[in-house]
Trainee: 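Take this structure, written in structure tokens, and hold onto it; I'll ask about it next.
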There are 2 protein chains.
Amino acid sequence: METPPIASIGALVGEPARALMLDALMDGRALTASELADRAGITRQTASAHLARLTDGGLLSLERQGRHRYFRLGGEEVAAVLESLMLLGERRSSAALARPRSPERCARSCYDHLAGRLGVALLDSLDGQGHIETCGTRLLLSPSGEKLFAQLDIDWRSLQHRRRSFARLCLDWSERRHHLAGALGAALLAHFLENRWLVRSGETRALMPTDRGRRGFGEYFEISV
Amino acid sequence: METPPIASIGALVGEPARALMLDALMDGRALTASELADRAGITRQTASAHLARLTDGGLLSLERQGRHRYFRLGGEEVAAVLESLMLLGERRSSAALARPRSPERCARSCYDHLAGRLGVALLDSLDGQGHIETCGTRLLLSPSGEKLFAQLDIDWRSLQHRRRSFARLCLDWSERRHHLAGALGAALLAHFLENRWLVRSGETRALMPTDRGRRGFGEYFEISV
DNA sequence: ACGATAATTCGATGGAGAACGAATCGTGGA
DNA sequence: TCCACGATTCGTTCTCCATCGAATTATCGT
């Protein structure tokens with residue numbers, strides 16, 4: 001009896017130390033092998049073996065830079081799997097649901113886009129103001145949406161016609177609602193970070209709004225943070 | 001260092017015998033403990049232990065019927081996780097991609113709705129003929145869609161306002177495109193099976209179109225199977 | 001009431017792999 | 001050139017758990 005593909009991937013995610021490393025990478029940043037070892041609470045040798053298996057299994061991608069090795073998630077599909085696993089994990093352990101005021105539930109990065117209450121509110125805002133339309137099964141910008149993104153100085157045109165999906169919905173594991181993912185979602189989060197509407201909070205995935213961000217979200221999206 | 005929730009779920013899926021059992025349940029049907037043991041190629045005692053862990057972990061739900069124990073997938077979220085795992089698994093092992101003519105790629109059941117080329121074509125048809133609309137982030141039936149479902153004798157009204165999402169998109173792991181899921185997708189597949197447009201093919205997930213089905217898909221959806 | 005079948009529990013065995021210490025490789029800086 | 005530091009490889013130990021045989025419980029049919 002041969003082992004099905006889902007088992008090999010499940011086994012990779014199923015080891016606590018590896019799961020901690022994957023969790024640490026869920027914010028989309030790249031971390032070195034040593035950093036990941038510390039996050040998982042194991043020695044560097046052990047982490048090295050784990051990272052080799054994860055990379056070999058396609059869950060991580062590796063970038064060498066000098067004597068450092070930077071690891072990041074292998075792609076959108078990997079992030080999607082981890083998101084759905086978190087969604088399923090939350091359903092049972094009501095522990096995290098019991099603290100709905102945690103910074104991570106307010107706003108966090110999910111791979112390369114925005115999640116949490118702010119992420120959901122953002123999609124609601126784009127949707128409610130008619131900035132996004134659906135052409136068949138695809139999400140597109142409406143004329144008013146195109147105008148909004150031009151005001152934000154986001155070059156949405158360059159995001160189209162790429163292999164990656166322009167815009168898609170991602171189910172938020174903490175809010176149980178959709179937020180915006182895909183190239184457009186990634187561009188938005190990048191914009192928020194570049195312009196310091198949001199700043200990363202230490203080593204967690206949490207994102208804290210700045211005063212400038214509060215003004216921006218109110219002005220452009222009618223969201224009061 | 002505590003084990004994160006995703007690790008416990010990953011470990012459940014990561015065992016080959018358990019993965020085979022989950023895979024066997026992906027068609028949405030309920031199977032007995034003995035049937036699952038045979039599918040996984042293990043003894044009943046071992047299967048019993050595995051099934052207890054899967055049920056305890058929320059991946060399976062259990063229904064007692066006399067001296068039989070019927071197991072089925074724990075819910076839509078579980079099916080979603082397994083689907084995304086398959087999607088990720090296919091990306092690496094090009095083995096299955098090399099045989100695009102397999103019956104399972106033509107048409108199969110994905111939890112409780114239709115997947116494969118036929119599932120994708122069905123969504124394309126509904127979409128292309130304007131039978132479905134998107135109200136914000138939700139999928140809804142258009143007036144013409146309501147009419148079509150009435151012709152098919154599917155009581156779509158009773159599917160609304162339930163806890164389960166009325167209609168949603170599910171990413172097809174073999175076609176890399178969306179097909180229709182949610183309550184509406186489940187009702188459609190149920191209709192196809194009840195009216196024998198499609199019949200199950202042995203113990204696999206594959207679905208074979210009948211002559212009546214070929215006529216029906218052509219007449220109502222303009223799909224030539 | 002009594003066998004027959006489904007399923008579970010218990011106990012023992014074995015193997016896979018996670019962990020770490022020590023040594024080695026590779027790159028960058030002085 | 002030599003040292004410092006990040007990362008890997010090797011060998012060993014040890015824990016976890018999948019597996020099965022045997023016995024037990026539960027339910028159906030007669």
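Below, read A as the first sequence line, B as the second, and so on, with proteins coming before strands; counting in each chain starts at 1.
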Trainee: What is the distance, to the nearest angstrom, from the CG atom on B:Leu36 to the P atom on C:dT8?
Mentor: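 Rounding to the nearest Å, CG of B:Leu36 and P of C:dT8 are 11 Å apart.
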Trainee: Roughly, in whole Å, what's the span from CZ in B:Arg44 to P in D:dA23?
Mentor: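 Atom-to-atom, B:Arg44 to D:dA23, this comes out as 18 Å.
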Trainee: I'd like to know if A:Arg53 and A:Asp56 make a salt bridge, using a cut-off of under 4.0 Å between side-chain N and carboxylate O.
Mentor: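 Answer for the salt bridge query: no.
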Trainee: Quick one: is C:dC20 close enough that its OP1 or OP2 comes under 4.0 Å of any side-chain N or O from A:Thr46?
Mentor: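 Checking A:Thr46 against C:dC20: at least one side-chain N or O falls below 4.0 Å of OP1 or OP2.
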Trainee: Assign each of A:Gly41 and A:Gln65 to its nearest nucleotide of DNA chain C by heavy atoms, then name whichever residue's nucleotide is nearer the 5' end.
Mentor: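 So the residue in question is A:Gly41.
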Trainee: Picking from D:dA18, C:dA18, C:dA6, which would you name as closest to the side chain of A:His50?
Mentor: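 For the A:His50 side chain, the nearest candidate turns out to be C:dA18.
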Trainee: Between C1' on C:dT5 and CD on B:Glu35, what's the gap in Å once rounded to a whole number?
Mentor: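 Distance check: B:Glu35 CD to C:dT5 C1' gives 14 Å.
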Trainee: What is the separation between atom CG on A:Leu12 and atom P on C:dA18, rounded to the nearest whole Å?
Mentor: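 In whole Å, C:dA18 P and A:Leu12 CG are 9 Å from each other.
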Trainee: Whether the side chain of A:Gln45 and the base of C:dG21 hold a donor-acceptor pair under 3.5 Å is what I'd like checked.
Mentor: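 Side chain to base: pair present.
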Trainee: Hey, is the side chain of A:Arg67 poking within less than 4.0 Å of OP1 or OP2 on C:dC25, counting only N and O atoms?
Mentor: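 It does not, given that no N or O in the side chain of A:Arg67 lies less than 4.0 Å from OP1 or OP2 of C:dC25.
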Trainee: From the options B:Asp27, B:Asp172, B:Asp23, select the one residue that forms a salt bridge (charged side-chain N to carboxylate O under 4.0 Å, His left out) with B:Arg108.
Mentor: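 Of the listed residues B:Asp27, B:Asp172, B:Asp23, the salt bridge (charged side-chain N to carboxylate O under 4.0 Å, His left out) partner of B:Arg108 is B:Asp172.
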Trainee: Look at all strands and tell whether A:Arg69 reaches a base, only sugar-phosphate, or nothing, counting heavy atoms closer than 4.0 Å.
Mentor: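 Sugar-phosphate, no base atom in range.
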Trainee: Hey, which sits more toward the 5' end of DNA chain C by its nearest nucleotide, A:Ala17 or B:His68?
Mentor: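 Closest to the 5' end, via its nearest nucleotide, is B:His68.
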Trainee: Using whole Å, what does the distance between atom P of nucleotide D:dC16 and atom CZ of B:Arg53 come to?
Mentor: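 Distance check: B:Arg53 CZ to D:dC16 P gives 12 Å.
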Trainee: Starting at CG of B:Asp56 and ending at P of C:dT9, how long is that distance when rounded to a whole Å?
Mentor: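 From B:Asp56 CG to C:dT9 P: 12 Å.
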Trainee: Measure the distance from CD on A:Glu63 to P on C:dT27 and round it to the nearest whole Å.
Mentor: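 Rounded to whole Å, this separation is 16 Å.
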Trainee: Where the side chain of B:Thr32 is defined as all heavy atoms beyond and including C-beta, which of D:dT8, C:dA7, D:dA18 is the nearest nucleotide?
Mentor: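 My answer, after comparing the listed nucleotides, is C:dA7.
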Trainee: Ignoring hydrogens and angles, state whether a donor on the side chain of A:Ser102 or A:Glu104 is under 3.5 Å from an acceptor on the partner side chain.
Mentor: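 A:Glu104 and A:Ser102 do not have a side-chain donor-acceptor pair below 3.5 Å.
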Trainee: Using only side-chain N and O atoms of A:Thr43, determine if any of them is under 4.0 Å from OP1 or OP2 of C:dA19.
Mentor: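 No, outside the criterion.
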Trainee: What is the distance, to the nearest angstrom, from the CD atom on B:Glu15 to the C1' atom on D:dC16?
Mentor: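 That distance rounds to 13 Å.
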Trainee: Is the shortest side-chain N to carboxylate O distance from A:Glu90 to A:Arg176 below 4.0 Å?
Mentor: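 Salt bridge: no.
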Trainee: Does A:Ser34 reach a base, just sugar-phosphate, or nothing at all? Heavy atoms under 4.0 Å.
Mentor: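 Sugar-phosphate contact only.
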Trainee: Measure from the side-chain heavy atoms of A:Ser48 and tell me the nearest of D:dT9, C:dA18, C:dA7.
Mentor: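 From the listed options, D:dT9 comes nearest.
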Trainee: Within the 4.0 Å heavy-atom criterion, would you say B:Arg64 contacts the bases, only the backbone, or no part of the nucleic acid?
Mentor: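 No contact.
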Trainee: Can you tell me if A:Ser109 and A:Arg29 form a side-chain donor-acceptor pair at under 3.5 Å?
Mentor: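 Checked: A:Ser109/A:Arg29 side chains show no N/O donor-acceptor pair below 3.5 Å.
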